[in-house]
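Predicted, not measured: the structure shown is a model, and the values here were computed from it.
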Amino acid sequence: MPGIDKLPIEETLEDSPQTRSLLGVFEEDATAISNYMNQLYQAMLRIYDAQNELSAATHLTSKLLKEYEKQRFPLGGDDEVMSSTLQQFSKVIDELSSCHAVLSTQLADAMMFPITQFKERDLKEILTLKEVFQIASNDHDAAINRYSRLSKKRENDKVKYEVTEDVYTSRKKQHQTMMHYFCALNTLQYKKKIALLEPLLGYMQAQISFFKMGSENLNEQLEEFLTNIGTSVQNVRREMDNDVETMQQTIEDLEVASDPLYVPDPDPMKFPVNRNLTRKAGYLNARNKTGLVSSTWDRQFYFTQGGNLMSQARGDVAGGLAMDIDNCSVMAVDCEDRRYCFQITSFDGKKSSILQAESKKDHEEWICTINNISKQIYLSENPEEIAARVNQSALEAVTPSPSFQQRHESLRPAAQSRPPTARTSSSGSLGSESTNLAALSLDSLVAPDTPIQFDIISPVCEDQPGQAKAFGQGGRRTNPFGESGGGTKSETEDSILHQLFIVRFLGSMEVKSDDNPDVVYETMRQILAARAIHNIFRMTESHLLVTCDCLKLIDPQTQVTRLTFPLPSVVLYATHQENKRLFGFVLRTSGGRSESNLSSVCYIFESNNEGEKICDSVGLAKQIALHAELDRRASEKQKEIERVKEKQQKELSKQKQIEKDLEEQSRLIAASSRPNQASSEGQFVVLSSSQSEESDLGEEGKKRESEA
């Protein structure tokens with residue numbers, strides 16, 4: 001090619017400095033070509049590797065698109081349109097993957113092979129010849145130096161021959177190596193241009209071939225398909241933008257509306273308590289005992305499901321059963337100096353849980369919701385409507401009407417003129433109804449202005465002197481070791497009946513009648529309604545001890561007797577007609593709000609067991625007490641008869657002794673009056689003082705008999 005400089009091969013034997021200088025220029029050019037070609041090789045290698053990666057990635061993409069229909073997404077249904085669309089894309093991308101594979105092969109053959117050959121063969125050949133030429137040049141210089149040092153005076157043919165031969169060999173080797181080296185350097189100028197142009201030509205031809213294959217595959221049908229897909233993507237994007245705008249607006253509205261709810265205990269005036277709920281969910285703190293006196297509180301999500309209270313920890317897929325709250329009892333409690341705590345006790349009393357709400361509103365709503373579920377209101381068709389009606393009825397039960405007092409006054413004479421009836425027993429209080437009382441209004445059972453006592457007041461309090469005198473007992477601690485303190489015998493030690501029940505005091509109020517179970521039912525209704533209206537959920541738990549002498553309320557912690565009800569004063573007892581865990585009894589005491597000396601107070605309790613069992617136990621205690629009283633009277637009568645008989649026996653034995661003494665005295669008198677026992681000798685019989693007294697008694701007895 002014109003314009004290319006060459007090294008003069010014919011001057012290699014002369015090896016002039018000009019030739020060596022020109023050789024240095026060509027060597028620098030070869031080094032520059034080597035560095036540049038190495039960089040170009042790395043760039044083309046990256047193109048080739050990228051093409052191979054693109055081909056493999058395109059093939060993997062096609063494979064994944066084919067497997068889309070086999071995937072099971074949790075939120076994605078069986079979208080047949082999406083599956084068919086992706087299958088179509090998979091076919092097109094698979095064809096493109098084939099085209100990319102062909103392109104990779106063409107790049108390897110047409111681009112990488114020429115530049116690799118130039119790099120691995122030609123450039124390495126130049127480097128090798130350069131090293132060989134350097135060695136040959138050094139050997140030639142050494143041979144010339146030895147030849148120049150031959151001695152002129154002492155010529156040695158053998159040495160001269162060897163040196164001459166060495167010069168000849170080294171010069172020939174240098175000349176030949178230098179000629180081949182010059183030839184390789186001259187040829188490098190041509191190979192450089194070939195090594196630059198041939199890979200680029202192969203790259204462009206491979207790309208043109210690839211584009212031609214792509215043009216053949218992308219026909220009009222595929223263009224129409226891609227146009228439709230583009231339209232669908234735009235529609236989805238517009239739908240997404242509308243949805244995002246709607247969600248943003250919802251977020252803004254919720255932020256404004258929820259701002260007061262960020263406070264843990266919101267104002268109840270702004271957010272009133274809903275007492276008609278039959279379903280509720282939210283986070284509560286649950287108390288877990290870890291030792292005898294230690295406990296931990298775990299925050300969990302609780303929700304009601306039918307008649308069950310469910311709990312679910314954060315991260316759990318589903319909730320688990322925490323407690324069955326059908327027929328359960330719930331009340332507010334004080335626990336470890338924490339606020340808003342309440343306790344749920346199962347219907348059988350075997351399981352209880354203490355939970356803590358976050359606010360007062362949640363606290364009251366949870367208690368009302370569980371109370372509604374406990375009454376099985378959720379089983380009806382409209383549970384919230386029925387719950388609202390029940391709460392409204394409870395409100396009306398404690399809200400007197402304007403004519404309430406007038407109707408009460410009109411019925412007072414009839415109630416006072418009615419003759420008293422006998423006290424009912426357990427069976428009578430549960431199953432019989434008085435027709436006379438049924439005809440009267442319920443207002444005649446309980447006075448309209450009667451206060452309700454919701455807590456147990458110990459009889460030793462100063463503000464209840466009448467009650468303390470009426471009961472005469474209470475506040476006495478029961479010895480847990482069974483020892484009698486100070487030698488005092490317990491009043492229940494001789495009782496043959498000892499039955500203990502766990503009860504919770506709901507309330508008590510004075511009643512006007514004590515001869516019909518309706519008075520107990522009405523008292524239950526008013527107390528429960530008053531508790532619901534005034535948000536009184538706290539209940540005092542006690543142990544009710546039933547004996548043949550009395551009923552005792554004992555503190556379960558201190559074993560102190562809170563109240564004692566003499567059994568003879570319990571004149572009426574009954575259970576609730578629907579909720580069998582509610583029971584009550586009427587106690588007749590002296591003094592009270594009425595003008596008469598006797599008053600009746602109805603006490604209402606809730607038990608863990610059925611109230612009928614407690615009523616049966618009270619009935620059994622009264623029967624045992626009645627039989628014991630009859631036995632006592634019969635025993636006293638028998639003892640009186642035995643005392644009379646014993647007295648008669650003593651009188652009879654005494655009479656016989658007197659008669660015996662009289663006979664003895666008569667015998668002695670007869671013996672003393674005989675003639676052979678004359679009194680001349682001065683002998684006489686002296687009677688003892690006892691004999692004289694007996695004789696006097698005998699004479700008095702004879703007088704009595706003669707008088708009789």
Side-chain angles (χ1 to χ4, degrees), residues 61-62 64-90 92-93 222-285 299-306 308-320 340 357-366 368-369 372-373 378 381-388:
T61 303
S62 174
L64 291 176
L65 293 178
K66 290 179 181 179
E67 295 177 353
Y68 176 82
E69 60 182 2
K70 300 179 182 178
Q71 303 297 320
R72 294 294 179 265
F73 299 101
L75 297 180
D78 295 334
D79 193 349
E80 296 181 357
V81 176
M82 180 62 72
S83 297
S84 62
T85 302
L86 294 181
Q87 289 295 324
Q88 186 68 21
F89 270 114
S90 174
V92 176
I93 294 176
L222 183 59
E223 290 180 359
E224 183 180 357
F225 169 73
L226 295 178
T227 303
N228 295 334
I229 296 301
T231 304
S232 300
V233 171
Q234 293 299 325
N235 293 334
V236 173
R237 187 178 299 277
R238 281 194 298 271
E239 184 179 354
M240 180 189 68
D241 293 338
N242 294 334
D243 198 6
V244 168
E245 184 179 356
T246 303
M247 288 189 292
Q248 291 293 338
Q249 184 63 36
T250 303
I251 291 174
E252 293 177 2
D253 296 341
L254 288 177
E255 286 179 352
V256 175
S258 302
D259 187 68
L261 298 178
Y262 297 149
V263 181
D265 196 359
D267 187 3
M269 300 299 295
K270 297 181 180 179
F271 300 94
V273 178
N274 188 356
R275 307 182 186 280
N276 306 328
L277 298 175
T278 56
R279 291 183 300 175
K280 188 168 177 61
Y283 280 97
L284 296 173
N285 293 327
R299 180 177 172 83
Q300 290 187 353
F301 187 80
Y302 284 82
F303 60 95
T304 60
Q305 189 175 38
N308 298 324
L309 180 64
M310 313 292 288
S311 65
Q312 184 175 359
R314 184 171 294 176
D316 292 347
V317 178
Y340 311 134
E358 189 177 82
S359 63
K360 183 178 180 181
K361 176 179 178 293
D362 284 345
H363 178 254
E364 295 184 8
E365 284 187 351
W366 271 108
C368 293
T369 302
N372 293 335
I373 294 176
Y378 67 93
E381 294 182 357
N382 298 318
E384 293 190 2
E385 181 180 350
I386 294 178

dist E384:CD -> L277:CG (nearest 0.5 Å) comes out at 6.0 Å
Can you tell me if NZ on K280 sees more than 12 non-hydrogen neighbours from other groups inside 6.0 Å?
yes
Among residues at least two apart in sequence or on other chains, which ones pass ring-ring contact (aromatic ring centres under 6.0 Å, His included) with Y283?
F301
Derivation and outcome, side chain to side chain contact (heavy atoms under 4.5 Å, CB included), residues T304 and W366:
CA-CA 10 Å; T304 60; W366 271 108; 4.1 Å; yes
Do you know which two heavy atoms are closest between F271 and P266, and how far apart they sit?
CD1-CB, 3.8 Å
To the nearest 0.5 Å, what is the distance between CG on N308 and CD1 on I373?
9.0 Å
Compare every heavy atom of D265 with every heavy atom of S359, then report the nearest pair and how far apart it is.
CB-OD1, 3.4 Å
Would the distance check show the side chain of N372 and the main-chain N or O of T278 forming a donor-acceptor pair, the cut-off being under 3.5 Å?
no
Taking atom CG of D241 and atom OG1 of T246, what is their separation to the nearest 0.5 Å?
10.5 Å
Kindly say whether V81 contributes a backbone atom to a donor-acceptor pair with the side chain of S84 at under 3.5 angstrom?
yes
Find the distance between CD (E69) and CG (L86) and round it off to the nearest 0.5 Å.
9.5 Å
Look at atom CZ of R299 and say whether more than 12 heavy atoms of other residues, nucleotides or ligands are closer to it than 6.0 Å.
yes
Heavy atoms of other groups near E245 CD, more than 12 under 6.0 Å:
no
Given side chains that start at C-beta, do those of Y378 and I386 come closer than 4.5 Å, heavy atoms only?
no
Could you please spell out the steps behind the side chain to side chain contact (heavy atoms under 4.5 Å, CB included) verdict for Q88 and T85?
CA-CA 5 Å; Q88 186 68 21; T85 302; 5.7 Å; no
Let me confirm one number: the CD-CG distance from Q300 to D316, rounded to the nearest 0.5 Å.
8.0 Å
Would you list the atom pairs, donor with acceptor, under 3.5 Å between side chains in residues 228-236 and any protein atom, with sequence neighbours excluded?
| from | atom 1 | to | atom 2 | distance (Å) |
| --- | --- | --- | --- | --- |
| N228 | ND2 | E224 | O | 3.3 |
| T231 | OG1 | T227 | O | 3.0 |
| S232 | OG | N228 | O | 3.1 |
| N235 | OD1 | R238 | NH2 | 2.1 |
| N235 | ND2 | T231 | O | 3.3 |

Kindly determine whether V244 and M247 satisfy side chain to side chain contact (heavy atoms under 4.5 Å, CB included), including the steps that lead there.
CA-CA 5 Å; V244 168; M247 288 189 292; 4.2 Å; yes
Under 4.0 Å between a side-chain nitrogen and a carboxylate oxygen: does that hold for R275 and E364?
yes
Within 6.0 Å of CD in E239, more than 12 heavy atoms from elsewhere
no
Under a 3.5 Å distance rule, please check whether S90 uses its side chain to pair with a backbone N or O of S62 as donor and acceptor.
yes
Is the backbone N or O of Y302 less than 3.5 Å from a side-chain atom of Q312, with the two atoms forming a donor-acceptor pair by type?
no
Euclidean distance, K361 NZ relative to N274 CG, rounded to 0.5 Å
7.5 Å
